[in-house]
Amino acid sequence: MSESCPIRNVLDRFGDKWSILVLLVLSDEEKMRFNELHKAIGDISQKMLTVTLRTLEADGLVSREVFPEIPPRVEYRLTLLGKSLMPHIHGLVKWAKDNQEVIVSKRKQYA
């Protein structure tokens, strides 16, 4: 059932801690190397960044280009599909910023 549900199928991929953040960082640059991404995000492990990038690449949101150099150079960038997603993510980011104080306040009241 969940495999055929477009909402679950897509949102399950973004429900992790890092995917949206990686997309946001990539949306600010035309292309980035792995270490640049790692430094920009800061608190993500190299392993988790690798897993996240592979998942986003498998979904067609990020492309990975390997250059035959020594040492090898790898660049990541958003695909057209990834770029088409960004206005929606930016809308979510704006909503989160606009409502963060209210949500934090409600959490304190609830606790």
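- The shortest heavy-atom contact between N35 and Q46 is OD1-NE2, 4.5 Å.
- The CG atom of L61 sits 11.5 Å away from the CG atom of L80 when rounded to the nearest 0.5 Å.
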Practice item. Show your reasoning for whether side-chain contact (heavy atoms from CB on, under 4.5 Å) applies to R73 and V66. Key: CA-CA 6 Å; R73 178 170 49 111; V66 180; over 6 Å; no

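- Counting heavy atoms from C-beta outward, S105 and E101 have side chains that stay 4.5 Å or more apart.
- A pairwise comparison of heavy atoms in L81 and G60 identifies CB-O, 3.7 Å as the closest pair.
- Counting only heavy atoms from C-beta outward, the side chains of K108 and V104 approach each other to under 4.5 Å.
- Minimum heavy-atom separation, S45 to M48: OG-N, 3.0 Å.
- The shortest non-hydrogen separation linking T79 to S63 is CG2-N, 3.7 Å.
- Rounded to the nearest 0.5 angstrom, W18 CH2 and I41 CD1 are separated by 7.0 Å.
- Annotation: side chain of R77 is not in contact with side chain of V62 (no heavy-atom distance under 4.5 Å).
- Closest approach of E36 to R33, counting heavy atoms only: OE1-N, 2.7 Å.
- Side chains of K94 and D98 form a contact here, defined as non-hydrogen atoms less than 4.5 Å apart.
- A distance of 11.5 Å separates CZ of R64 from CD of E75, quoted to the nearest 0.5 Å.
- Between atom CG of residue L23 and atom CG of residue L56 there is a gap of 5.0 Å, rounded to the nearest 0.5 Å.
- Through direct or relayed side-chain contacts under 4.5 Å between Ile, Leu, Val, Met, Phe, Trp and Tyr, W95 connects to I103.
- Side-chain contact check for L53 versus V51: every heavy-atom pair is 4.5 Å or farther apart.
- Minimum heavy-atom separation, S27 to H90: OG-NE2, 3.9 Å.
- Atom CD1 of I44 and atom CG of L21 lie 7.5 Å apart (nearest 0.5 Å).
- You'll find the side chain of F67 stays beyond 4.5 Å of the side chain of V74, heavy atoms only.
- Taken from OH in Y76 to CG in L37, the straight-line distance is 8.0 Å, to the nearest 0.5 Å.
- With D16 contributing its side chain and S19 its backbone, the two residues share a donor-acceptor pair below 3.5 Å.
- Heavy-atom neighbours of Q100 CD from other residues, nucleotides or ligands within 6.0 Å: at or below the threshold of 12.
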